[in-house]
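Values reported hereafter were calculated over all heavy atoms of this structure, with side chains retained and with hydrogens, waters and symmetry mates removed.
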2 protein chains.
Amino acid sequence: MNPQAIKVACSNCNLRELCMPVGLSDQDMSRLDELVAVRRKVKRGSTLFTNGEKFTSLYAIRTGFFKTCLATEDGRDQVTGFQMAGEIIGLDGIVNDQHTCDAVALEDAEVCVMPFDRIEELSREVNALQHHVHKIMSREIVREHGVMLLLGSMRAEERLAAFLLNLVQRLHARGFSQSELVLRMTREEIGSYLGLKLETVSRTFSKFVEEEIVEVKQRHVRILSTEGLQRLVNNQAHCE
Amino acid sequence: MNPQAIKVACSNCNLRELCMPVGLSDQDMSRLDELVAVRRKVKRGSTLFTNGEKFTSLYAIRTGFFKTCLATEDGRDQVTGFQMAGEIIGLDGIVNDQHTCDAVALEDAEVCVMPFDRIEELSREVNALQHHVHKIMSREIVREHGVMLLLGSMRAEERLAAFLLNLVQRLHARGFSQSELVLRMTREEIGSYLGLKLETVSRTFSKFVEEEIVEVKQRHVRILSTEGLQRLVNNQAHCE
DNA sequence: CGAATTATTGATGACTTTCAAGGGATGTGG
DNA sequence: CCACATCCCTTGAAAGTCATCAATAATTCG
């Protein structure tokens, strides 16, 4: 059986509270089932879309873990985000009808493909969907403001602490532990996201271990003191 | 006469190509005139909206110049953008029905107030408006990706060069010079946006002057070598 | 005109990067 | 199932970049 032919139904999806509007009538909900054209599997290491590619759809992550990253001709490189189940990617492509970054699966993944013209069509008829789409985009804008604050005003320790707290909080919202996590990305990818070199990320992890804030075994991280991380992020030391 | 009572019409506005969809029928265009409830004047130094304030409207800048900035309780501070005539601000407020940053006028300004529920209503009926709203939000997301690249991977000179090029390019799109500009913000505000201290911004300006890339007299900047700035931004030196 | 804000410049120091080397982990093919 | 190649991570030493502290000058605004 072709996996792409599997009948898709948001109304039955256990992630729907993450990607869909809440409080829909049954009628509206069943209309939303039309949103997802197909599902698509993406192997670890391969791309869901790439810079320059024509934009057609938004993608809701069902399983797996992605990074989005910019690569300029002159060799600069920036991870702009890490995305997990229930999150929507592809918003960058709307403005110029083509994607402006790469979305790379960091582990085998599956996404729901939602053709954007269908989203716009349904949005005109289902008010809750319309508003939901607006909220998703606004949320991404606000998230990026936070990253700008991080990159613009935090030191290495603070950045990594904020990063870990953010990750674990999102994982917890998905039913995972509040204190344990498995990083799906390399030190280099973390560094790129945080505006640091991989050695700095590694050293900062080591420092946290020394201070008994976390335990680290390669990509397995156990947070021993959430407050310790919080204190770092809220540090007043470097502010006027 | 109450200035807020002035009859507002996007269809006659000389900025409409900047904030409105293009290629509308006369009929749709006249419908869009309903979008703008009133205009509002904002004195230099005062805020259009502030963090925590209830979100009601998006704002199209008619005249003047704004900064948007985040301020956390622990004293961190980050300018997230500078906005000029024809640009839309307030998108951050949609997701949680309240603004998450401050919008401060850096010179006396006037904005068109567009109640968001009216935008959503009209969006359902005028497809071009719906798509335009999506594009504006997507554009903001892409812009922020660019800022992340800047903050995450560029050195001071490169950041300031990119900043100047971006500013002058936007001003040029509004009919101003390609080579001369008046900064509306302080060195500290530039620094906050670029993740640098004001002294570093000042020093970097001085270095550019020494290298005869720009002339600087306080806030008046004349670009002598756009290519020089471009070369800095596209520098391969710090990339793998 | 004077106070306050803004900008410049120098000296010093902190933090991060760069360069380098070695150890572990992972995965593939024999 | 082991061996080997590759990738990833850690750690040290040195260098570079930017921040901080401080003093002065220029400008703006009431």
Side-chain angles (χ1 to χ4, degrees), chain A residues 43-45 67 75-77 79 104 106-108 150-161 163 182-210 214-221 232 235-240, chain B residues 43-46 67 75-79 104 106-108 150-161 163 182-210 214-221 232 235-240:
Chain A
K43 276 253 165 272
R44 171 177 167 190
K67 70 170 177 181
R76 282 186 215 284
D77 197 79
V79 171
V104 181
L106 296 181
E107 56 182 11
D108 289 356
L150 180 146
L151 290 172
S153 81
M154 293 188 186
R155 293 172 321 123
E157 287 182 45
E158 301 165 342
R159 294 184 197 189
L160 189 62
F163 172 73
V182 177
L183 301 172
R184 299 301 173 184
M185 69 295 279
T186 66
R187 302 288 191 261
E188 184 169 18
E189 286 161 337
I190 296 174
S192 172
Y193 182 61
L194 299 179
L196 303 169
K197 292 295 158 186
L198 68 95
E199 295 94 330
T200 306
V201 173
S202 180
R203 272 185 248 273
T204 308
F205 267 125
S206 299
K207 186 179 269 180
F208 285 178
V209 169
E210 213 172 300
V214 301
E215 283 175 10
V216 179
K217 229 182 253 160
Q218 297 294 119
R219 301 201 179 175
H220 294 258
V221 176
L232 275 172
N235 190 0
Q236 317 244 349
H238 294 271
C239 319
E240 43 271 39
Chain B
K43 276 256 165 268
R44 170 176 168 189
S46 60
K67 70 170 176 180
R76 281 186 217 283
D77 196 81
Q78 176 75 29
V79 171
V104 182
L106 296 181
E107 56 181 11
D108 289 356
L150 180 146
L151 291 171
S153 81
M154 292 189 187
R155 292 173 320 124
E157 287 182 44
E158 301 165 342
R159 294 185 196 188
L160 189 62
F163 172 72
V182 177
L183 301 172
R184 300 299 173 184
M185 68 296 279
T186 67
R187 301 288 191 262
E188 185 170 18
E189 286 162 335
I190 296 174
S192 172
Y193 182 60
L194 298 180
L196 303 169
K197 292 295 158 185
L198 68 95
E199 296 94 330
T200 305
V201 173
S202 182
R203 271 186 247 273
T204 308
F205 267 126
S206 299
K207 185 180 268 182
F208 284 179
V209 169
E210 215 173 297
V214 302
E215 281 175 11
V216 179
K217 231 183 249 157
Q218 297 295 119
R219 300 201 179 176
H220 293 259
V221 176
L232 275 171
N235 190 0
Q236 318 243 350
H238 295 269
C239 319
E240 43 270 45

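Ranking dT11(D), dT17(C), dC8(D) by closeness to the T186(A) side chain, first place goes to dC8(D). Checking dC15(C), dT17(D), dT10(D) against every side-chain atom of R155(B), the shortest atom distance belongs to dT17(D).
Residue-to-nucleotide proximity on DNA chain D shows that, of F205(A) and R159(B), the 5′-proximal contact is made by F205(A).
Bending across the helix from dC1(C)-dG30(D) to dG30(C)-dC1(D), expressed as the angle between its end axes from five pairs apiece, amounts to 50° (10° rounding).
Here the closest heavy-atom approach between residue L160(B) and residue V201(B) is recorded as CD2-O, 4.2 Å. The minimum heavy-atom distance between E157(B) and K207(B), with the atom names listed, is OE2-NZ, 3.2 Å. Between R187(B) and F205(B) the shortest heavy-atom distance is NE-CD1, 3.7 Å. Of all heavy-atom pairs spanning R159(B) and L151(B), the tightest one is NH2-O, 3.2 Å.
dC7(D) atom P lies 14 Å from atom CD of E189(A), rounded to whole Å. Distance, M185(A) CE to dC9(D) P: 11 Å, rounded to whole Å. Counting to the nearest Å, the P atom of dA14(C) and the CD atom of E158(A) are 16 Å from each other. Look at NE2 on H220(A): it is 11 Å from P on dA25(C), rounded to the nearest Å. Whole-Å rounding puts the E107(A) CD to dT26(C) P distance at 15 Å. The distance from atom CG of L194(A) to atom P of dT16(C) is 12 Å, rounded to the nearest whole Å. In this structure, R219(A) atom CZ and dT10(D) atom C1' are separated by 14 Å, rounded to whole Å. Atom CD in E157(A) sits about 16 Å away from atom C1' in dT17(C), given to the nearest Å.
Among residues two or more places apart in sequence or in another chain, the side-chain contact (heavy atoms from CB on, under 4.5 Å) test is passed with R44(B) by D108(B). Q218(A) is linked by a side-chain contact (heavy atoms from CB on, under 4.5 Å) to nothing, counting only residues two or more places apart in sequence or in another chain. For E199(B), the side-chain contact (heavy atoms from CB on, under 4.5 Å) criterion is met by K197(B), R203(B), not counting sequence neighbours. Here S206(B) pairs with nothing under the side-chain contact (heavy atoms from CB on, under 4.5 Å) rule; sequence neighbours left out.
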Sugar-phosphate means primed atoms, P, OP1 and OP2; the rest is base. With that split, encode nucleotides 22-30 of chain D 5' to 3' as B, S or - using protein heavy atoms under 4.0 Å. -----S-S-

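Base contact: L198(B) has a heavy atom under 4.0 Å from a base atom. Among the heavy atoms of the strands lying under 4.0 Å from G195(A) are primed sugar atoms or P, OP1, OP2 only; no base atom is included. T200(A) comes within 4.0 angstrom of a nucleotide base, judged by non-hydrogen atoms across all strands. In this structure, S202(B) reaches the bases: a heavy-atom distance under 4.0 Å links it to at least one base atom across the strands shown.
Distance alone, capped at 3.5 Å, is enough to place a donor-acceptor pair between the Q78(B) side chain and the S192(B) backbone.
Distance check: L196(B) CG to S202(B) OG gives 12.0 Å after rounding to the nearest 0.5 Å.
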